[in-house]
Amino acid sequence: MENPRFDNAVTVRTDPAGGSITLADVAACTSFLLREWPGKRGDKHRAALQACSDASSGKKSADSARRAFVQAAREAGILINQ
């Protein structure tokens with residue numbers, strides 16, 4: 001499995017007090033989706049997990065995984081910058 005890096009990292013909020021994390025590659029996004037995701041895990045969360053899996057196996061680009069993660073983070077209200 002590969003760990004493609006993003007051209008531009010994504011920053012998300014990790015707690016209501018203002019903590020954040022910057023994610024720069026597919027493995028970091030996958031880990032965040034599985035272990036630290038706040039609240040509900042809906043369709044966009046599942047799509048982001050699938051896109052990350054596909055990017056890790058070379059079926060999709062890192063950019064497609066990044067886009068899916070950004071959409072899920074936006075829906076969850078945790079996106080700080082894209």
Side-chain angles (χ1 to χ4, degrees):
M1 294 193 106
E2 299 177 30
N3 182 23
R5 293 191 58 81
F6 302 141
D7 290 337
N8 297 306
V10 179
T11 303
V12 293
R13 186 172 31 259
T14 56
D15 61 58
S20 66
I21 187 171
T22 300
L23 307 166
D25 58 48
V26 171
C29 284
T30 301
S31 178
F32 187 84
L33 287 161
L34 291 172
R35 295 179 181 90
E36 300 177 55
W37 194 256
K40 185 180 129 188
R41 296 180 178 202
D43 291 339
K44 290 188 179 182
H45 177 268
R46 282 188 292 279
L49 271 174
Q50 185 62 55
C52 287
S53 175
D54 289 346
S56 291
S57 65
K59 294 178 186 174
K60 287 192 176 181
S61 68
D63 190 51
S64 66
R66 185 185 180 283
R67 280 192 310 270
F69 182 85
V70 165
Q71 288 178 346
R74 184 176 289 126
E75 179 180 71
I78 62 169
L79 182 65
I80 293 176
N81 83 327
Q82 55 177 356

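Because only heavy atoms are used, hydrogens play no part in the values below, and waters and symmetry mates are left out as well, while side chains stay in.
- Hydrophobic clustering (side-chain heavy atoms under 4.5 Å, transitive across Ile, Leu, Val, Met, Phe, Trp, Tyr) groups Leu49 together with Leu79.
- Of all the heavy atoms in Gln71 and Lys44, the pair that sits closest is O-CD, 3.9 Å.
- In terms of heavy-atom proximity, Ala65 sits nearest to Val26 at CB-CG2, 4.2 Å.
- Every side-chain contact (heavy atoms from CB on, under 4.5 Å) that Ala24 has, sequence neighbours left out, goes to Arg5, Ala9.
- Taking every heavy atom of both residues into account, Ala48 and Ala72 meet most closely at CB-CB, 4.1 Å.
- Using modelled atom types, one side-chain atom of Arg46 and one backbone atom of Arg41 make a donor-acceptor pair closer than 3.5 Å.
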Side-chain donor-acceptor distances from residues 31-40 under 3.5 Å, at least two apart:
unit_1: Ser31; atom_1: OG; unit_2: Arg35; atom_2: NH1; d: 3.2
unit_1: Trp37; atom_1: NE1; unit_2: Lys40; atom_2: O; d: 3.3

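- For Arg67, the salt bridge (charged side-chain N to carboxylate O under 4.0 Å, His left out) partners two or more places apart in sequence, or in a different chain, are Asp63.
- Annotation: the span from Arg66 atom CZ to Ser61 atom OG amounts to 11.0 Å, rounded to 0.5 Å.
- For the side chain to side chain contact (heavy atoms under 4.5 Å, CB included) test with Val12, the passing option among Asn81, Val70, Ile80, Ile21 is Ile21; the others fail.
- Summarising the geometry of Phe6 relative to Leu23, their closest heavy-atom pair is CD1-O, 3.8 Å, with the distance given to 0.1 Å.
- The distance from the CG atom of Asp25 to the OG1 atom of Thr30 is 8.5 Å, given to the nearest 0.5 Å.
- The line from CD of Glu2 to OG of Ser56 is 8.0 Å long, rounded to the nearest 0.5 Å.
- Distance check, rounded to the nearest 0.5 Å: CG of Asp15 to CD1 of Ile78 gives 11.0 Å.
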